[in-house]
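Have a look at the structure below, then the notes.
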Amino acid sequence: MSTLEQLAKEAASCTRCDLYQRATATVFGEGRPDSPLALVGEQPGDQEDKQGHPFVGPAGHLLDRALHDSGIDRADAYLTNAVKHFKWDARGKRRIHQRPNGTEIMACRGWLEAELAVVGPRVTVAMGAVAGEAIFGRGFRVRDHRGRLEEITVGGWQGAVLSTVHPSSILRAQDNDAREEAFAGFVADLVRAREALAA
Ligand code: URA
């Protein structure tokens, strides 16, 4: 069994915070195990929790389009989340995403550190405020970091982090024009990450 498979197996019984109690699955990272590029999201959504894989729901479909447009092959990257369990609230029959709090983000950080140490990407893309908080710590704001390549040490991993928006924020844009503009900005950030790898 590879080290990543071993970590995923251990994470499957994680009780470091309470989120495991209401989640269907621990959704661990997936992708190329020695990828030079890691993408970190927030937490699994409703679909990811049901299917047990990261970025397979609506945000994942948008991410797939953005990766395609930026010239990145999803199969060549390593995709994971800052938090491995879906945090949700019931609204009727629907399960509505809740933002993980600082304690939950920090409880899960050890898994992210371990994944980065094993995969060893040269560039990690932090998508959204929760991914940024997991990597840079409390007080992280996307607008203060966005689009910059910042050298950082996270646990046993050292590399560059490029922060950008979360794909779900693009889905929430007010109208088509705003959505297209936000999507173009997201693609531009991903292109910057790809170019940093080629440099
Ligand atoms: N949003 C995320 O941050 N991660 C997923 O896996 C799905 C939606």
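Residues: numbered from 1 along the sequence shown. As the structure lists them, so they are numbered: ligands from 1, and atoms in each ligand from 1.
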Do Gln43 and His97 have side-chain N/O donor and acceptor atoms under 3.5 Å apart?
yes

Report yes if some N/O of Ala59 lies less than 3.5 Å from some N/O of ligand 1; otherwise report no.
no

Note the single closest protein heavy atom to atom 4 (N) of ligand 1, along with its residue, its atom name and the distance in Å.
Asn81 OD1, 2.7 Å

Looking only at heavy atoms of Gln47, does any of them come nearer than 4.0 Å to an atom of ligand 1?
no

What one should report as the nearest heavy-atom pair of His53 and Val27 is C-CG1, 3.4 Å

Measure up the Tyr20 and His85 rings against each other and bin them: parallel (under 30°), tilted (30 to 60°), perpendicular (over 60°).
tilted

Under 4.0 Å from any heavy atom of Glu42, which atoms of ligand 1 are there?
2 (C), 3 (O)

Where do Ala193 and Leu37 come nearest, in terms of heavy atoms and distance?
CB-CD1, 4.3 Å

Atom 2 (C) of ligand 1: nearest protein contact (heavy atom, Å):
Gln43 O, 2.9 Å

Can you list the atoms of ligand 1 that are under 4.0 Å from a heavy atom of Gly41?
3 (O)

Flag if over 12 foreign heavy atoms under 6.0 Å of CD, Gln21:
yes

For Ser168 and Ala59 the tightest heavy-atom approach is OG-CB, 3.5 Å

Within the 4.0 Å heavy-atom shell around His166, which atoms of ligand 1 are there?
1 (N), 2 (C), 3 (O)

